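This report concerns only the one structure given below.
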Amino acid sequence: MSTTGRIPREFIDQLLARVDIIDVVGSRVPLKKAGREYMACCPFHNEKTPSFTVSPTKQFYHCFGCGVHGSAISFLMEYEHLEYPEAIEALARTIGVQVPREGASDAPKRKRKDPNLYTLLEEAAVWFQAQLQQNPGATGYLQQRGLSMEVSTRFGLGYAPANSNLGRELRQYGEDKLVASGMSIRNDAGRVYDRFRERIMFPIRDRRGRVIGFGGRMMGEGMPKYLNSPETDVFHKGAELYGLFEARHDTRKLGRLLVVEGYMDVIALAQYGITYAVATLGTATTPEHIRQLLRLVPEVVFCFDGDRAGRDAAWRALENALPELRDDKEIRFLFLPQGEDPDTQVRSIGKDAFEAQVAEALTLSAYLIAGLKERFNISTKEGKARLLNDGLKLLVTMPVILFREQILGELSTLTDTPLEVVRRHLKKNSAGEIIPAYNQARLGDQDVRRTPIEHAIALLLHNPVLVEVADSAEQILDYDLKYTGLLAAIIENIEENPHIHLAGLLEQFRQTEHESVVQRLSNWRLETDDEAVIRREFADCLQQIRRQSRQKQLEILLHRGQTQVLSEQERSDLAYLLLQDYKSPGA
């Protein structure tokens, strides 16, 4: 069977219709019947009380603790660490069918990762490890840094000698592959040479344990002290964390992750039994990093040097963390004494004392308030106003959760501003407009602003039978509002496949421009399973969508009428819209 080309969408639909998600999940996680659904402790984060549910009706799983959700395909991708095509292949094998492939001309636009790069990088890691054993200077340096042979082996440390011959050792891959992997550099004259020379080598692994890049550290003087692999098809600095594969070795026991700044910090802490440290790869902490961390553990502690650079890095991490927060997650900040890093600190005070510092790290709210107080003089009214303004700019990025309400209370007290005034200003968007209260709705465990059309999409995803009372796809497109194209596409999908369920709809929009929106709205937890109530909500959404469309058209015509003479048709349309608006002002 060919492994190239795109898997037909029709086959994926049929596969999901034939496979039962209860069998897929239940063969890997012990499920217990709970009403119409099944429950278990989540396999993707550490918990004692079951919050992981699987719905046989929707063929959909969802964890109310960490937020993971999706179809049987998504479950295999997460649980078995498979790529999308691999998960489909695995599902197909369970029912004894082969996966068909369309021609290469129909292949998806997303670039496939070259498996040869993983093999090349793994061989490079083995070669570097062999060079370490043969170089007394390199092994002596690691001993001087206090690293044992055991921990060096665990993290696969190696050495790139000054006269590196890696390119010659891996010449069977060809110069183009060596350059594509980041192991070699091609200069302006076209000459190819090894990127890493005379450095301790730290292999960087992805969540499946595959080598995807390297960090190299100078043993003596020289710049740059650290040199990382460049961005490649398999290595993206903003999405990877050094040491995460090693820390996840036993996911169920992983309750906390400590984010530090360097490779040596991760390894030194591991040697002292603190095996839950990870490091960013020469970049600031990104939103993608934080999403990964919070999906794995309930607590994340950022550990930074206490100097200005460390505090600036911590503040950037805080800003990126705010939109990802939930009430069941905790983020803390630990600042080490001036001149100390985790490596030197743990060697100085030992494991127990270091972990005591981690346990007492500043909460995110405490750090946020302290950081704002440092920036403004709150002994003046002007300083309080500026502090409140900056604080609200940060909080508006957060989901509406209990934690945000607590911080609002602290800002109210700190600036001597009534809480209702603080809340009113928070509801202003970037254009200074007030967000109407009816646009506040529940998605998953978070309150977020949602438009009527998003509400309608969420209802339809979970209840495809609502298509019976929906406007036609053509009518929906005529409304010309944000997401009308998506709503119309969902309606068309359901009409073409009347028996489709939530999981099937999710797969319909995978790898499309609408994927992230569909995933977000599928995470919505219905407050009722009363079909009559759900139908009334859906009808109300459609009524609001129609009114919003009329209002938009009305505003366009009124604005045009101020600058030019309207045509007869436009005047007729304007009169009609004004009459409709008059008849149903609250619709």
Side-chain angles (χ1 to χ4, degrees), residues 77-78 81-86 108-129 154-160 164 166-167 169-170 173-187 192-197 199-218 224-249 257 259-267 277-293 295-296 320 511:
M77 289 173 68
E78 291 289 337
H81 308 306
L82 302 178
E83 299 294 337
Y84 182 53
E86 294 171 336
K109 293 180 181 178
R110 183 177 294 183
K111 190 174 183 181
R112 295 175 59 85
K113 294 178 179 179
D114 185 347
N116 288 329
L117 292 185
Y118 293 115
T119 307
L120 185 161
L121 290 164
E122 188 64 46
E123 288 192 30
V126 171
W127 188 80
F128 286 137
Q129 289 161 23
R154 178 186 170 194
F155 283 87
L157 300 194
Y159 177 67
S164 178
L166 176 65
E169 291 292 326
L170 302 180
Y173 289 98
E175 290 184 344
D176 289 345
K177 277 284 191 294
L178 284 165
V179 172
S181 72
M183 302 312 300
S184 296
I185 299 174
R186 179 178 280 114
N187 63 18
V192 174
Y193 58 93
D194 291 347
R195 178 180 298 275
F196 297 100
R197 293 172 181 272
R199 291 177 181 271
I200 298 294
M201 298 301 293
F202 301 81
I204 301 163
R205 301 183 185 277
D206 65 11
R207 63 181 184 173
R208 293 172 60 180
R210 300 175 298 187
V211 178
I212 54 175
F214 291 89
R217 190 192 194 284
M218 293 286 292
K225 183 166 72 172
Y226 281 100
L227 178 65
N228 288 322
S229 288
E231 294 280 314
T232 69
D233 285 349
V234 299
F235 178 53
H236 305 287
K237 297 176 187 177
E240 303 292 345
L241 289 159
Y242 179 74
L244 185 58
F245 170 74
E246 290 78 6
R248 287 190 66 195
H249 227 55
L257 283 169
V259 184
V260 296
E261 295 186 82
Y263 305 118
M264 293 296 287
D265 295 326
V266 171
I267 298 173
V278 298
T280 56
L281 301 170
T283 66
T285 308
T286 66
E288 177 60 27
H289 287 147
I290 292 167
R291 281 192 288 272
Q292 283 191 60
L293 293 165
R295 285 182 64 178
L296 290 170
N320 284 329
Q511 296 182 354

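Computed from a prediction, not measured in an experiment: that's the story for all the values here. Values below: every heavy atom of this structure, side chains too, minus hydrogens, waters and symmetry copies.
Here CZ of F245 is found 11.0 Å from CZ of F155. Values are rounded to the nearest 0.5 Å. The distance from atom CG of L166 to atom CD of E169, rounded to the nearest 0.5 Å, is 7.5 Å. The distance from the CD atom of E123 to the CG atom of N116 is 10.0 Å, given to the nearest 0.5 Å. How far CD1 of I212 is from CZ of R205: 10.0 Å, rounded to the nearest 0.5 Å. Distance check: L178 CG to I185 CD1 gives 12.0 Å after rounding to the nearest 0.5 Å. In this structure, CG on L241 lies 8.0 Å from OG1 on T285, to the nearest 0.5 angstrom.
Counting heavy atoms from C-beta on, the side chains of H289 and T286 come closer than 4.5 Å. For the pair S229/F196, a side-chain contact is recorded, criterion being any heavy-atom separation below 4.5 Å from C-beta on. Between L227 and R195 there is a side-chain heavy-atom pair separated by less than 4.5 Å. Contact of the R186 side chain with the D176 side chain is registered, since non-hydrogen atoms from C-beta on lie closer than 4.5 Å.
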- Task: Take T119 and Y173 through the side-chain contact (heavy atoms from CB on, under 4.5 Å) test and state the conclusion after the steps.
- Result: CA-CA 10 Å; T119 307; Y173 289 98; 3.2 Å; yes
- Task: Apply side-chain contact (heavy atoms from CB on, under 4.5 Å) to M218 and R199, showing your working.
- Result: CA-CA 5 Å; M218 293 286 292; R199 291 177 181 271; 3.3 Å; yes
- Working for salt bridge (charged side-chain N to carboxylate O under 4.0 Å, His left out), residues R210 and E83: CA-CA 13 Å; R210 300 175 298 187; E83 299 294 337; 3.6 Å; yes
- Query: Stepwise, does the side-chain contact (heavy atoms from CB on, under 4.5 Å) test hold for M183 with L121?
  - Reply: CA-CA 8 Å; M183 302 312 300; L121 290 164; 3.7 Å; yes
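The two atoms that bring G215 and N228 nearest to each other are CA-OD1, 3.5 Å, heavy atoms only. Of all heavy-atom pairs spanning N320 and I290, the tightest one is C-CD1, 3.5 Å. Closest non-hydrogen pair, V266 versus A277, comes out as CG1-O, 3.5 Å. The minimum heavy-atom distance linking A247 with L257 is given by the pair CB-CD2, 4.1 Å. Taking both residues in full, the closest heavy atoms of G167 and D194 are given as N-OD1, 3.1 Å, listed atom of the first, atom of the second, then distance. For A279 against G262, the heavy-atom pair with the smallest separation is CB-O, 3.7 Å.
Partner F214 forms a ring pair (Phe, Tyr, Trp, His ring centres under 6.0 Å) with one of Y159, W127, F202, F128 and no other, that one being F128.
Side-chain N or O atoms of T232 include none that pairs as donor or acceptor with a backbone N or O of G182 at under 3.5 Å. A donor-acceptor contact shorter than 3.5 Å is absent between the side chain of H236 and the backbone of E231. Without hydrogens or angle criteria, E240 side chain to D206 main chain gives no donor-acceptor distance under 3.5 Å.
The six-membered or imidazole ring of Y226 lies near that of Y263, with a centre-to-centre distance under 6.0 Å.
For R295, the CZ atom sits in a loose shell: 12 or fewer heavy atoms of surrounding residues, nucleotides or ligands are nearer than 6.0 Å.
A salt bridge does not link E288 to K237: none of the charged side-chain nitrogens sits closer than 4.0 Å to a carboxylate oxygen.
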